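What follows is one structure encoded as structure tokens, with my remarks underneath.
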Amino acid sequence: MNNNILNHRDLYRLPWTLPDNAISWLEPTSMCNLACDGCYRDNVKDSHLSIDEVKHHLDVFQKLRNSDCISIAGGDPLLHPQIAEIIADIKKRGLKPIINTNGKALTKELLKELKKAGVYGFTFHIDSKQGRNAEWKGKNEIELNELRLKYASMLAEEGGISCSFNSTVYEDTLQYVPEMIDWAHKHIDIVHTMVFIAFRHVIPNMPFDWYAGAEKVDWDKIMYHSNMKRDIEILSTDVLAKVRERFPEFTPAAYLNGTVKPDSFKWLLTERIGTKDKIYGYLGPRFLELMMIVHHFFKGTYLSYASPSLTKKGRTTLLLLWPFDKGLRKALLNFLKNPFRIFKKTHLQTIMFIQPVDFTEKGEQNMCDGCPDITVFKDELVWSCRMEEQNKYNTWLRTVPKKN
Ligand code: SF4
């Protein structure tokens with residue numbers, strides 16, 4: 001474990017909270033056309049919410065929470081027969097609709113229809129443990145870059161749509177993260193964000209008993225469990241350490257802490273600036289602070305996904321904002337080493353590491369403080385990563401250290 005390679009007090013704590021957050025998480029269906037190893041939702045056929053139910057969830061968000069964008073997830077939201085209508089409704093409410101999908105159901109025609117409805121961005125979940133078939137069967141993370149590029153190119157061709165990818169990081173796939181980050185650099189003009197989420201499951205031999213209220217629950221009856229012992233303790237800092245083996249200068253700027261541990265990096269955000277040939281530098285905490293404050297001041301919400309028209313304004317960012325941020329100043333010096341660079345398109349790109357629930361020895365569950373992926377369950381805001389507990393037990397499961 002690499003807990004000590006970063007000091008949280010050197011980074012900007014993203015200002016996201018329960019009532020005022022950059023993101024909210026809508027699940028219009030729990031039906032999916034893949035079966036990801038690390039998935040935390042029960043795949044239920046034809047479990048689509050009606051349009052009225054979707055509208056009600058959006059009303060609950062708007063009553064309880066300020067949001068910049070709505071991540072539309074599931075299940076796979078593209079399987080919802082009225083997905084275009086859902087997007088149009090979100091847009092009409094002044095929110096940015098972002099589709100979180102495995103991409104399998106996306107066609108050029110559907111993309112056109114969703115763009116017309118007002119889709120703002122896509123986050124494609126692509127990794128090697130999703131049970132993809134045909135040409136993608138058995139491909140590793142690096143080979144899957146071809147599939148990532150297919151989707152990034154589709155969006156770029158359509159134009160004006162934000163493009164992100166996320167992957168679950170497992171013990172045996174952690175090794176591929178630096179190469180994936182390098183791939184993202186080569187496509188910095190069309191790939192705006194890469195997200196890496198550490199795998200979590202309930203596994204045998206955890207030193208806890210599980211309780212729903214006063215009722216003891218068998219660990220292997222919990223939806224997200226594995227019968228084998230697996231690594232469920234990968235930290236954001238482990239991912240960072242792996243990335244730094246290849247890119248020693250890789251420097252995060254902002255984070256979300258844990259609800260129990262203030263110095264844990266539940267969300268760890270790195271912002272870099274460069275061209276397809278060269279990364280000029282990593283932006284610092286001040287830049288992120290400025291972005292959040294300015295966005296909140298003028299728009300009333302904290303920024304989540306930046307538009308492609310903004311992420312390609314790398315040169316303007318370097319030339320105008322350098323007085324505010326040390327990272328930007330360093331990047332500007334690199335940029336100015338070659339005067340011809342002034343003619344090259346320069347882009348911003350976000351790399352995020354996410355570390356879901358961790359357990360302390362006392363059995364406390366360290367969740368993301370200011371969780372952006374909060375969803376609605378029975379008119380309340382709940383963590384989307386643990387909604388199956390609410391579904392099945394109508395409460396959060398507690399972990400109690402086993403008696404010796
Ligand atoms: S608490 Fe769960 S749902 Fe919320 S951001 Fe963390 S991992 Fe995602």
Side-chain angles (χ1 to χ4, degrees), residues 8 13-28 30 36-42 57 60-61 64-75 77 98 100-101 123 125 127 164-170 193-202 222-225 231-239 252 254-269 302-305 350-360 364-377 380-391 395-399:
H8 67 292
R13 200 293 191 178
L14 292 163
W16 307 344
T17 60
L18 186 59
D20 195 356
N21 208 293
I23 304 170
S24 292
W25 186 271
L26 174 77
E27 296 197 1
S30 61
C36 301
D37 187 5
C39 186
Y40 49 80
R41 293 290 277 122
D42 207 2
H57 282 208
V60 174
F61 281 133
L64 296 176
R65 188 167 162 99
N66 219 13
S67 310
D68 181 41
C69 84
I70 300 287
S71 286
I72 313 164
I98 310 281
N100 283 38
T101 173
T123 299
H125 187 125
D127 67 48
S164 308
F165 292 96
N166 69 33
S167 308
T168 309
V169 178
Y170 302 87
T193 305
M194 291 287 279
V195 182
F196 298 92
I197 308 165
F199 170 68
R200 293 291 186 268
H201 254 196
V202 176
I222 302 169
M223 211 295 285
Y224 21 80
H225 79 273
D231 188 353
I232 52 155
E233 293 182 355
I234 299 170
L235 304 178
S236 298
T237 42
D238 294 329
V239 185
Y255 74 107
L256 278 182
N257 57 288
T259 48
V260 178
K261 292 185 178 176
D263 57 350
S264 54
F265 299 99
K266 305 299 288 184
W267 283 46
L268 186 58
L269 186 155
Y302 292 118
L303 177 66
S304 49
Y305 290 78
T350 306
I351 312 285
M352 184 81 87
F353 304 148
I354 299 181
Q355 169 191 321
V357 58
D358 325 287
F359 302 89
T360 70
E364 294 150 320
Q365 298 169 3
N366 189 36
M367 302 299 291
C368 310
D369 191 16
C371 162
D373 299 343
I374 282 272
T375 193
V376 172
F377 182 81
E380 290 192 356
L381 299 180
V382 300
W383 300 305
S384 57
C385 64
R386 294 178 55 188
M387 200 159 88
E388 291 302 338
E389 295 169 36
Q390 294 289 343
N391 260 338
T395 184
W396 300 122
L397 294 180
R398 288 182 299 116
T399 31

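What you see is a predicted model; the values in this text were computed from it and never measured. Atoms within a ligand are numbered from 1 in the order they appear, just like the ligands themselves.
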Main-chain N/O of S384 paired with D373 side-chain donor or acceptor, under 3.5 Å: no

Criterion side chain to side chain contact (heavy atoms under 4.5 Å, CB included) against S264, the qualifying member of L256, N366, L235: N366

Atom 4 (Fe) of ligand 1 reached by C368 (N, O or S, under 2.8 Å): no

Atom indices of ligand 1, in the order listed, that fall short of 4.0 Å to a heavy atom of S384: 3 (S)

Nearest-contact summary for atom 2 (Fe) of ligand 1 - protein heavy atom, Å: C385 SG, 2.3 Å

Identity of the nearest option to atom 8 (Fe) of ligand 1, non-hydrogen atoms only, from I374, L256, D373: D373

Proximity of W267 to ligand 1 by residue part, where a heavy atom lies under 4.0 Å: side chain

Atoms in ligand 1 flagged as close to M367, the criterion being non-hydrogen separation under 4.0 Å: 1 (S)

Backbone N/O of V357 and side chain of Q365: donor-acceptor pair under 3.5 Å: no

Any donor-acceptor N/O pair, R41 side chain to E388 backbone, under 3.5 Å: no

Any donor-acceptor pair under 3.5 Å from Y170 side chain to G38 backbone: yes

Ionic contact status for R13 with D369, cut-off 4.0 Å: yes

For P372, the ligand 1 atoms whose distance to one of its heavy atoms is below 4.0 Å: 5 (S)

Protein residue, atom and distance nearest to atom 4 (Fe) of ligand 1, heavy-atom basis: C371 SG, 2.2 Å

Parallel, tilted or perpendicular: ring planes of H8 versus F265, cut at 30 and 60 degrees: perpendicular

Per-atom contacts, ligand 1 versus P356 - under 4.0 Å to a heavy atom: 7 (S)

Atoms of ligand 1 close to W383 [distance to a heavy atom under 4.0 angstrom, numbered from 1]: 1 (S)

